[in-house]
Amino acid sequence: MDGSDWSPDGVWLCAVEFAMVADSGSGSRRSESQSPEQPVEESRTIAVMSTAPSPVGVAVSAEVEAALASGGAVVALESTIISHGMPYPKNLQTAMEVEAIVRENGAVPATIAILDGVPHVGLNSEQLKRLAISGTQFQKTARRDIAQVVASGGNGATTVSATMFFAHKVGIPIFVTGGIGGVHRHGEKTMDISSDLTELGKTPVAVISAGVKSILDISRTLEYLETQGVTVAAYQTNEFPAFFTDTSGCKAPCRVDSPEECAKIIEANKNMHLESGILIAVPIPKQHAASGNIIESAIQQALKEADDKKITGNAITPFILDRVKVLTGGSSLEANIALVKNNALTGARIAVAFSDLRKRATNRSVRSAL
C-alpha cells in the first residue's frame, strides 16, 4: 500500500480502497451455526482495484481495519494450521490462545481464511469455531487455489503463500506461522518445491516461523530462498532452526537479536522497494524442543511410509506430521503448539516495534515540514 498509480487506460490502481458496508451485511458473513439473534462482529469490505470490471472483495474485521488505519501493530495468522494441523478441539483452543498472546503483546491478530467464497482478514469467535470444527472439510488453499475457491463459493484454509497474498493486499506487513514449506527431500528429482518459497520471493511480507519444516531438505531450501532474493535471518542464534529442533547444521545468512532489529530490516526492505519477503526464523524454546534424534528417526520412517503409499503433493506434509506425532507419542504435537505460541509472542513484539518505528518516522517528517 505504498501510494497509487494511474494505468494506461486511466483506471486508478491502488492497493486497497475502503468501501462502506451496506446494512445488508455484504461485508460480513453469518456462519450457518449462528442464529439471527447472535451478534456478528462487523467486517468491512476492502476492494482490491484493478482494470477488471469488478473488484475482488476482501472482508476485513472492524478491529483489524481500525488498527491498520491508525498505523497500529497487526499480525496475520494462517488458517491451515487450524483446519489441517491438529484435531478439534485442540485446534480451536490453540488458535484462541495464539490470538490472545498476540493481543497481550500489543498487536491485533488477523487470522485469514476464505468463507463461502469471501476472503476474510480477521475472524470472529464463531468463524474460528466453524473453521476448527470443519477441519479438513475446508480446502487447503495456496495462492494457486484462491481463484477457484472464491469462484466456487467454497471454504478455504489459507497456507503460507495465500496468507501472505491476502496480508499484503490489505497492508499487513508481518505474518506468524509455525514453519514454512520448502524444497522436499529428493526435490532435485521430483521438483516438489513449496509455493511458500516463490511467494516469499515476490510478496513483501515478513514471515515469522520456526525455520523450515524438518521433513524438508533445509540446505536446498536456503539455496532456493537465496535465488528468490529473500532476506533470511535467524533470531538470537547463528544456526538456522529446523522446526521441532533448534539446530539444523545450516548457518543462517544473518542474525537478529531484538524486535527492533527485525523492524529495521522490514523498514529497509520497504524503503528500498525490494518487493520480496523476509523470513525471520525463531528457534523453538529449548524447554520444548524434542530430542532431535527421536524426531529425525520418526521423520525417516514417516517418509518411507509416504513413499510406499505414493503420497505426494500437498497431502504429504499433513501425513508425515501426523505419523511423526504418533511415532513420538504426541510429543511432536506439543512441540508444534509451543513453537507456534513462541512465534506469536515474537511476531507481536516485532509488529509493535515496526509500528513504533513507522510512527517515529512520520513524526519526524511532520516536524521537518513545519
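Because the structure is predicted, anything quoted here is derived from the model rather than measured.
If you chain together hydrophobic residues whose side chains sit under 4.5 Å apart, Tyr88 and Ile81 fall into the same group. Follow the hydrophobic side-chain contacts under 4.5 Å out from Phe243 and you never reach Leu345; the two are in separate clusters. Connection of Ile337 to Ile295 is established within a shared hydrophobic cluster, with ILVMFWY side chains joined at heavy-atom distances below 4.5 Å, either directly or through further cluster members.
The closest side-chain heavy-atom distance from Leu216 to Val183 is not below 4.5 Å. When side chains are defined from C-beta on, Ile114 counts as touching Phe166, because their heavy atoms get closer than 4.5 Å. With a 4.5 Å cut-off on side-chain heavy atoms, Leu115 and Leu123 count as touching.
The closest side-chain donor-acceptor pair between Glu99 and Thr111 falls under 3.5 angstrom. Side chains of Ser209 and Thr177: a donor-acceptor N/O pair is absent below 3.5 angstrom, by distance only.
Shortest non-hydrogen contact noted between Gly182 and Leu197 is CA-CD1, 3.7 Å. Closest of all the heavy-atom pairs between Asp196 and Ser161 is OD1-N, 3.4 Å. The shortest non-hydrogen separation linking Ala335 to His288 is CB-O, 3.7 Å. The minimum heavy-atom distance between Thr158 and Ser79, with the atom names listed, is N-OG, 2.8 Å. Minimum heavy-atom separation, Val256 to Ile265: CG1-CD1, 3.5 Å. For the residue pair Pro109 and Val64, the shortest heavy atom distance occurs at O-CG2, 3.8 Å.
Ion pair Lys251/Glu239 not flagged as a salt bridge, since none of the NZ, NE, NH1 or NH2 atoms sits closer than 4.0 Å to an Asp/Glu carboxylate oxygen. A salt bridge is defined here as a Lys NZ or Arg NE, NH1 or NH2 lying under 4.0 Å from an Asp or Glu carboxylate O, and Arg103 with Glu63 meets this definition. A salt bridge links Glu305 to Arg323: at least one charged side-chain nitrogen sits closer than 4.0 Å to a carboxylate oxygen. Ion pairing between Asp257 and Arg255 holds under the 4.0 Å rule for side-chain N and carboxylate O. A salt bridge links Asp322 to Lys325: one of the charged nitrogens lies within less than 4.0 Å of a carboxylate oxygen.
For the atom pair OG (Ser194) and CG (Leu200), the distance works out to 9.0 Å, reported to the nearest 0.5 Å. His168 NE2 to Thr203 OG1: the interatomic distance, rounded to the nearest 0.5 Å, is 6.5 Å. In this structure, CG in Asp192 is found 7.0 Å from CD1 in Ile316, a value given to the nearest 0.5 Å.
A donor-acceptor pair under 3.5 Å links the side-chain atoms of Thr198 to the main chain of Ser195, judged by distance alone. For the pair Ser134 (side chain) and Leu131 (backbone), a donor-acceptor distance under 3.5 Å is absent. Between the side chain of Thr159 and the main chain of Thr141, a donor-acceptor pair closer than 3.5 Å is present. For the pair Ser355 (side chain) and Ala351 (backbone), a donor-acceptor distance under 3.5 Å is absent. Looking at Asp246, its side chain never comes within 3.5 Å of a backbone N or O of Pro285 through a donor-acceptor pair. Between the side chain of Asn155 and the backbone N or O of Asp116, at least one donor-acceptor pair lies under 3.5 Å.
Atom NZ of Lys90 sits in a sparse spot, with 12 or fewer heavy atoms from other residues, nucleotides or ligands closer than 6.0 Å.
Shown are Val74, Ile112, Val160; of these, the side chain to side chain contact (heavy atoms under 4.5 Å, CB included) with Phe175 is made only by Val160.
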Give the C-alpha distance, both sets of side-chain angles, the deciding distance and a yes or no for salt bridge (Lys or Arg N to Asp or Glu O under 4.0 Å) between Asp308 and Lys304.
CA-CA 6 Å; Asp308 291 343; Lys304 184 178 184 306; 3.1 Å; yes
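Counting only residues at least two apart or in different chains, salt bridge (Lys or Arg N to Asp or Glu O under 4.0 Å) contacts with residues 138-149 comprise Arg143-Glu199. Among residue pairs with one or both ends in residues 214-237, those qualifying as salt bridge (Lys or Arg N to Asp or Glu O under 4.0 Å) are Glu188-Arg220, Asp217-Arg220; sequence neighbours excluded.
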